Amino acid sequence: MALLEARDIVKTYPGVRALDHVDFTLERAQIHALVGMNGAGKSTLVKVIAGAEKPDHGSIFLDGQLVHLSHARDATQYGIVVVHQERTLIRHLTVAENILLGIEPSQLGIINSQLLRQRARELLENLGIGDLDIDADVEKLGAGKQQLVDIARALRTSPKVIVLDEPTASLSAAETEHLFDTLRRFKERGVGIIFVSHHLDEVFEIADHITILRDGKVVSSGPISAYRPEDVPRLIVGHEIAATTSDYVDATGRPVLLEVRNLSGEGFYDVSLKVYAGEVVGLAGVVGAGRTELLESLVGYRDVRSGTTLVRGEPKRIRTPEQAIRNGLILVPEKRMEKGLMMRLDVLENLTVVCLPDCSPGGIVSESGLRRAASNVVKRLGIVTPSLRTNVGNLSGGNKQKVVFGKWLAVSEDVQGKVFLLDEPTEGIDVGARAEMWNIIRGLAAQGAGVVVATSDLEELMVLADRIYIMRAGRVVCSGRRPDFTQETVLQHMLGAAEAAIAEPRL
Ligand SMILES: Nc1ncnc2c1ncn2[C@@H]1O[C@H](COP(=O)(O)OP(=O)(O)OP(=O)(O)O)[C@@H](O)[C@H]1O
Ligand SMILES: [Mg+2]
C-alpha cells in the first residue's frame with residue numbers, strides 16, 4: 001500500500017487548468033522528484049497535498065485511507081509537512097520564534113523563552129545547521145538562511161510525508177548537501193519525501209523516483225534509474241533544446257560603462273572591477289561571498305563605506321535606486337518576489353511600471369503602447385499567464401521571476417550604454433526558458449549594454465561571461481577572461497582551494 005496517493009486530481013484556475021487528471025504515488029522511504037516547466041503545475045499539486053488548495057476533483061489517500069484536506073492544519077495533523085516555494089516566515093520574529101511558531105513552550109499562557117531558544121537550538125543542531133543564530137531577526141537573514149529556517153520549521157515534528165517545493169533555490173552547495181543528508185536520514189526512517197526542483201543534477205543525486213509534469217499532466221513517471229539525465233530536459237519541455245554556447249567577446253577596447261575602485265561596504269571589501277560596453281561580466285562566488293551586497297550597493301540599496309564608482313567615466317555617488325536608474329544602472333535583484341513585484345497588480349502593470357515614461361509619448365499614457373510593450377515581453381520570455389490582466393500573485397514562481405526580469409526588457413528598447421546587474425537571473429527558471437534567458441542576456445550585451453551576472457551556476461557562468469571576477473569572503477580573489485578558466489578552476493577559486501593548492505610545496 002502506498003504511503004500517499006493523489007488520484008485523478010483536477011484543479012482549474014480562471015483561464016488555466018493547473019492540474020489535469022493527475023495521478024501521483026509516493027511510497028514509504030522514497031524521495032520522489034517532481035519536475036516540470038514553470039507553470040506546469042508542480043506547486044499546485046504540492047498545495048493540494050498540503051491542504052492549502054482544494055482540488056475541483058480527485059482524492060488523496062494516506063496509507064490507503066481517503067483523507068479530506070480542506071485546510072493546511074489537516075495535512076499537518078496527518079503528518080504531512082510542507083516547505084512552500086515562497087517563504088512563509090514572520091518578519092520581526094527571531095529565528096527561534098519562527099521555528100517554533102504555534103508550538104511555543106509556555107506556562108499559563110506565558111512563553112518560556114529560555115526553553116524556546118533551547119529547543120530551537122537542538123533542532124538546528126540535529127539538522128546540521130547549529131551555526132545559525134537563533135536570536136537573529138529573520139528579516140535580516142540572507143535568502144539561504146531564511147530558507148533553512150523555513151525548512152527547520154517544517155521538520156520540527158516527526159513527519160510521515162515531507163514536501164519541499166524548490167528548497168535549494170537559495171542554498172549554498174554546502175547547505176544543500178546538509179539538507180540532503182537530513183533528507184536521507186528521514187528516508188531511512190521510512191518517511192516519504194516529495195522534492196520539487198529545476199536542478200536536474202540534484203534530482204539525479206537524491207531522488208529514487210521521478211514524475212514529470214507538463215501543462216498540468218503527468219507525461220512520464222518511474223524509478224530514476226530508468227532515466228538518462230540527458231533525456232529528461234526533452235521530456236520536461238516537450239521538444240529538443242538546442243545546446244547554448246556563446247563566443248567570447250573581447251570588449252576591453254570599448255568604453256568603460258561602470259568602474260568601481262576599492263569599493264568597500266558591509267559584506268564586501270576593496271572591490272575593483274570594470275564593465276565595458278558590449279560584454280557580460282560574470283561574478284562568481286559561493287552564497288555569502290558578498291556579490292549580492294556589492295550589487296545592491298551599486299544601485300543605492302546599501303551604503304558604500306569607501307571607494308569610488310565611475311559611471312561612463314564620471315565619478316558618481318549613488319544613494320538611491322532612483323538615482324541608479326537615472327544613471328542607467330539597473331538591478332534585477334535576487335529576492336525577486338519581495339523586491340521586484342507588486343503582488344496586487346497585474347502582469348501588464350508590473351511589466352510597464354518602469355517603461356511608463358517611455359511608453360507615454362508627450363506624457364500621455366497610451367494603453368495600447370503599454371500593452372504592446374508588455375505582450376512583447378511576455379512572448380520573448382515565454383511568460384505563462386492567462387492574460388495581461390492576471391494578478392502577478394497568481395503566476396507560478398518561475399513566471400513571477402520572468403516578470404521581474406521582463407519589466408527591464410520592456411523599458412530597454414534602447415539598452416546601449418546601460419548597465420544591467422543581474423543577481424542569479426535564472427534561479428527558479430525551467431531548463432527551456434533558461435536557454436532563452438541566456439540568449440536575451442547575450443543580446444543585451446550585443447546591443448551595447450554592459451551586463452554583470454552574479455551566478456552560482458557554473459554552467460551559466462561559462463556560457464554567459466566574457467570576463468569573470470571570482471569573489472570569496474567579500475573580496476575579489478581572482479579575475480580574468482573566460483577562455484582562461486574552466487568550471488573546475490572557477491570552483492577552486494570560489495572555495496579557496498586554488499590558493500591552498502599553490503601554497504602546497506611541490507615535490
Ligand atoms: N492562485 C492562482 N490563481 C490563478 N492561477 C494560478 C494560481 N496558482 C497557480 N496558477 C496557475 O496555475 C498554473 C500552474 O502553476 P504552478 O504554480 O503549479 O506551477 P509550477 O509548476 O509550480 O511552476 P514554477 O516552476 O514556475 O514554480 C500556472 O499557469 C499558474 O499561473
Ligand atoms: Mg512552483
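Note that the numbering runs from 1 along the sequence shown for the chain. Computed from a prediction, not measured in an experiment: that's the story for all the values here.
- Phe180 pairs by the ring pair (Phe, Tyr, Trp, His ring centres under 6.0 Å) definition with Phe195, not counting sequence neighbours.
- Shown here is Lys11, whose NZ atom has more than 12 heavy atoms of other residues, nucleotides or ligands within 6.0 Å.
- Atom CE of Met494 sits about 10.5 Å away from atom CZ of Arg472, to the nearest 0.5 Å.
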Note to self: For Glu459 and Arg434: C-alpha separation, side-chain torsions, deciding distance, then whether salt bridge (Lys or Arg N to Asp or Glu O under 4.0 Å) applies.
What the structure shows: CA-CA 11 Å; Glu459 188 193 351; Arg434 195 166 76 135; 3.0 Å; yes

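- Closest approach of Pro386 to Val16, counting heavy atoms only: CG-CG2, 4.0 Å.
- Residue pairs meeting the ring pair (Phe, Tyr, Trp, His ring centres under 6.0 Å) criterion with at least one partner in residues 49-80, sequence neighbours excluded, do not occur; the list is empty.
- To the nearest 0.5 angstrom, His209 atom NE2 is 5.0 Å from His32 atom NE2.
- Looking at His21 and Asp8, their side chains do bring a donor and an acceptor atom within 3.5 Å of each other.
- Without hydrogens or angle criteria, Thr211 side chain to Ser221 main chain gives no donor-acceptor distance under 3.5 Å.
- In this model, no donor atom of one side chain and acceptor atom of the other lie less than 3.5 Å apart for Asp346 and Thr390.
- The nearest pair of heavy atoms linking Ile440 to Arg380 is CD1-O, 3.9 Å.
- Contact of the Val22 side chain with the Leu45 side chain is registered, since non-hydrogen atoms from C-beta on lie closer than 4.5 Å.
- Side chains of Glu53 and Thr44: a donor-acceptor N/O pair is absent below 3.5 angstrom, by distance only.
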Check: Does the side chain to side chain donor-acceptor pair (under 3.5 Å) test come out yes or no for Ser197 and Glu166, once each step is laid out?
Finding: CA-CA 5 Å; Ser197 179; Glu166 300 194 33; over 6 Å; no

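- At most 12 non-hydrogen atoms from other residues, nucleotides or ligands lie less than 6.0 angstrom from CD of Gln65.
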